[in-house]
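From a predicted model like this one, the values you see are computed outputs, not experimental measurements. Just so you know, these numbers use all the heavy atoms, side chains as well, and skip hydrogens, waters and symmetry mates. For ligands, and for the atoms within them, numbers begin at 1 and follow the listed sequence.
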Amino acid sequence: MDRTRTHGWADPVELATAAQNTDGLVFSRQLASGEQGPTPIFATLGYALTEVDHGHAVYVGVPAEHLYNPIGFVHGGFAATMLESAAGSAVHSTVPAGTGYTTLDLSVHYLRPITADTGPIRAIGTLINRGRRTALAQAELRDPADRLLAHATSSCMIFPPDA
Ligand SMILES: CC(C)(COP(=O)(O)OP(=O)(O)OC[C@H]1O[C@@H](n2cnc3c(N)ncnc32)[C@H](O)[C@@H]1OP(=O)(O)O)[C@@H](O)C(=O)NCCC(=O)NCCSC(=O)Cc1ccccc1
């Protein structure tokens, strides 16, 4: 083996405790500023939350060799993971402190291959509908030329404090 990569991350239990006790938009902004994290999955794959507002979130990732599948390009799981994060954060930004949420489904369309030459990619998540118990969001994955690489829709379950 001649290729290696090292990375670090924050204690996931401390992160989850902070997430549960903090307003979703405030916590997401803390992740984006670096006040919280790095989140283990973000650090492991190499992407980060860069921008968040109510119902809107942007992640930036750098496709690289460590993300390749055995057939010569970036594994579809990387795109799906970034899209799930973006859609999930769009929902998370709308939940008050003490309210949990989790992804119920993720439907991904892969439109263009991603390689180490693609450059930094952005996953832009947008809230479509927010009910009391479920929320629907979408996310677009775009390359530096703003071409659509992949698209996802995702629904989330919301857990109010008394649920
Ligand atoms: C090819 C197609 C599926 C269909 O295309 P269509 O809808 O008919 O549209 P069109 O043909 O117009 O192409 C659109 C644009 O794409 C470009 N392009 C196409 N092919 C190539 C190429 N070979 N190389 C470079 N570029 C290529 C093409 O030039 C065009 O760009 P342009 O407008 O000229 O600038 C396309 O949607 C696609 O590649 N999606 C991404 C699929 C994907 O990444 N899946 C996830 C990873 S799989 C995985 O990990 C699973 C696994 C796990 C473990 C182990 C093993 C496996």
Side-chain angles (χ1 to χ4, degrees), residues 1-13 15-16 19 24 27-29 31-32 34 36-95 100-131 134-158:
M1 182 176 65
D2 59 354
R3 289 158 151 91
T4 62
R5 183 173 180 273
T6 59
H7 60 277
W9 59 87
D11 181 337
V13 176
L15 266 180
F27 180 76
S28 300
R29 285 186 170 148
L31 284 179
Q36 290 284 356
T39 301
I41 183 70
F42 304 171
T44 301
L45 294 189
Y47 69 104
L49 179 61
T50 59
E51 189 184 315
V52 64
D53 213 330
H54 183 90
H56 171 83
V58 180
Y59 282 80
V60 173
V62 183
E65 208 178 81
H66 68 284
L67 300 168
Y68 268 47
N69 60 31
I71 54 173
F73 49 106
V74 169
H75 193 286
F78 180 58
T81 305
M82 284 191 68
L83 289 164
E84 188 190 0
S85 291
S89 287
V91 173
H92 191 182
S93 68
T94 69
V95 305
Y101 77 100
T102 194
T103 304
L104 286 177
D105 62 65
L106 182 77
S107 175
V108 181
H109 287 91
Y110 296 100
L111 305 175
R112 287 167 190 273
I114 302 171
T115 72
D117 296 327
T118 299
I121 59 177
R122 288 168 298 131
I124 303 137
T126 309
L127 182 73
I128 297 173
N129 186 68
R130 169 74 154 81
T134 66
L136 177 65
Q138 67 136 20
E140 299 175 353
L141 194 65
R142 293 194 175 269
D143 74 6
D146 211 33
R147 288 180 298 200
L148 191 61
L149 300 168
H151 179 270
T153 53
S154 178
S155 60
C156 290
M157 188 92 210
I158 295 162

So CG of Leu31 and OG1 of Thr39: to nearest 0.5 Å the spacing works out to 4.5 Å

Tell me the protein heavy atom at minimum distance from atom 49 (C) of ligand 1, and give that distance in Å. Asn69 ND2, 3.4 Å

Is Tyr68 reaching over with its side chain to a backbone N or O of Ala116, donor-acceptor style, under 3.5 angstrom? yes

Return the residue, atom name and 0.1 Å-rounded distance of the protein heavy atom closest to atom 2 (C) of ligand 1. Leu111 O, 4.7 Å

Shortest protein contact, atom 31 (O) of ligand 1 (heavy atom only): Arg112 NH1, 2.8 Å

Got a protein heavy atom sitting under 4.0 Å from atom 37 (O) of ligand 1? yes

Nearest non-hydrogen protein atom to atom 25 (C) of ligand 1, with distance, is Pro113 CG, 3.7 Å

Could you please spell out the steps behind the side chain to side chain contact (heavy atoms under 4.5 Å, CB included) verdict for Arg147 and Leu111? CA-CA 10 Å; Arg147 288 180 298 200; Leu111 305 175; over 6 Å; no

Could you tell me whether atom 42 (C) of ligand 1 has at least one protein heavy atom nearer than 4.0 Å? yes

Scan the protein's non-hydrogen atoms and note whether one is under 4.0 Å from atom 5 (O) of ligand 1. no

Give a yes or no on whether His109 atom NE2 has more than 12 heavy-atom contacts from other residues, nucleotides or ligands under 6.0 Å away. no

Out of all atoms in ligand 1, which are within 4.0 Å of some heavy atom of Arg147? Include the element for each. 35 (O)

Protein contact of atom 53 (C) of ligand 1 - nearest heavy atom, named by residue and atom, plus distance: His75 NE2, 3.2 Å

Which residue owns the protein heavy atom closest to atom 55 (C) of ligand 1, what's the atom, and how far is it? Pro70 CD, 3.3 Å

Starting from atom 40 (N) of ligand 1, which protein heavy atom do you reach first, and at what distance in Å? Tyr110 O, 3.2 Å

N/O donor-acceptor pair under 3.5 Å between Ser93 side chain and Gly55 backbone: yes

What distance separates Gln138 CD from Asn129 CG, expressed to the nearest 0.5 Å? 13.0 Å

4.5 Å side-chain heavy-atom contact, Pro40 and Leu15: yes

Parallel under 30°, tilted from 30 to 60°, perpendicular over 60°: which one fits the rings of Tyr59 and Phe42? perpendicular

Does Leu141 reach the side chain of Arg112, with side-chain heavy atoms less than 4.5 Å apart? no

Does the protein put any heavy atom within less than 4.0 Å of atom 29 (O) of ligand 1? no

How close does the nearest protein non-hydrogen atom get to atom 44 (O) of ligand 1, and which residue and atom is it? Phe73 CE1, 3.5 Å

Close approach, Val74 and ligand 1, non-hydrogen under 4.0 angstrom: yes

Examine Ile71 against ligand 1 and note whether any of their N/O atoms are separated by less than 3.5 Å. no

